[in-house]
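Written below as structure tokens is the structure these notes are about.
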Amino acid sequence: AAASYIAKNLDTPLDVATLCEKLFVSKNRLYEVFDKGFGKTVNEYIWDERIKRAKALLLGTDMSTADISASCGIDNSAYFAKIFKEKAGLSPAAFRKIKSAEK
């Protein structure tokens with residue numbers, strides 16, 4: 001249920017408190033479910049899903065990085081680009097350029 005909720009709401013700011021409220025679970029239970037089910041924290045899972053969505057949008061659309069950032073629930077596109085680079089190893093622009101050339 002939590003993974004499904006996250007997938008449907010990636011375009012909104014997501015945090016543990018919001019998830020607990022929407023899913024009627026305790027913080028401890030939510031952490032336990034993600035640790036056992038995915039082997040990562042809730043926030044790591046959310047960021048991994050945001051990066052997956054961003055990669056798909058970078059390759060499948062001509063949306064700007066700012067628009068992609070917003071569609072992934074992050075209002076600050078500079079922060080989004082920083083985290084994207086940490087997780088993907090490339091900036092969003094470099095990722096788009098290199099992966100598009102590989103097609």
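Scope of the values below: all heavy atoms of this structure, side chains included, with no hydrogens, waters or symmetry mates.
- Looking only at distances, no side-chain donor or acceptor of Ser4 sits under 3.5 Å from a matching main-chain atom of Ala1.
- Side-chain atoms of Phe38 and Asp48, non-hydrogen and from C-beta on, never get closer than 4.5 Å to each other.
- Residues Ala66 and Ser77 come closest through the heavy atom pair CA-CB, 3.8 Å.
- Note on residues 49-64: pairs passing side chain to side chain donor-acceptor pair (under 3.5 Å), not counting sequence neighbours, are Glu49-Lys52, Ser64-Asp67.
- Looking only at side-chain heavy atoms (C-beta outward), Val33 and Arg29 come within less than 4.5 Å of each other.
- The line from NZ of Lys8 to CG of Leu10 is 12.0 Å long, rounded to the nearest 0.5 Å.
- Residues passing the side chain to side chain donor-acceptor pair (under 3.5 Å) test with Asp11: none are found, sequence neighbours excluded.
- Considering only residues two or more places apart in sequence or on other chains, Thr18 meets the side chain to side chain donor-acceptor pair (under 3.5 Å) condition with Asp15.
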Stepwise, does the side-chain contact (heavy atoms from CB on, under 4.5 Å) test hold for Ser100 with Leu59?
-> CA-CA 6 Å; Ser100 294; Leu59 297 178; 4.0 Å; yes
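- By the criterion of side-chain heavy atoms lying less than 4.5 angstrom apart, applied directly or through intervening Ile, Leu, Val, Met, Phe, Trp or Tyr residues, Phe80 is grouped together with Leu58 in one hydrophobic cluster.
- Residues forming a salt bridge (Lys or Arg N to Asp or Glu O under 4.0 Å) with Glu44 (at least two apart in sequence, or on another chain): none.
- Going from atom CG of Leu57 over to atom OG of Ser69 covers 11.0 Å, rounded to the nearest 0.5 Å.
- Within a 6.0 Å sphere centred on NZ of Lys97, other residues, nucleotides and ligands contribute 12 heavy atoms or fewer.
- Under the 4.5 Å side-chain contact rule for hydrophobic residues, Ile74 and Ile51 share a cluster.
- Among residues two or more places apart in sequence or in another chain, the side-chain contact (heavy atoms from CB on, under 4.5 Å) test is passed with Val16 by Cys20, Lys27, Leu30, Tyr31, Val42, Asn43.
- Between Tyr45 and Leu14, every side-chain heavy-atom pair lies at or beyond the 4.5 Å cut-off.
- To the nearest 0.5 Å, atom OG1 of residue Thr41 and atom CG of residue Asp35 are 9.0 Å apart.
- Atom OH in Tyr5 sits 5.0 Å away from atom NZ in Lys22 (nearest 0.5 Å).
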Report, one line per pair, each donor and acceptor closer than 3.5 Å where one atom sits in a side chain of residues 82-95; sequence neighbours left out.
{"from": "Ser91", "atom 1": "OG", "to": "Ala94", "atom 2": "N", "distance (Å)": "3.1"}

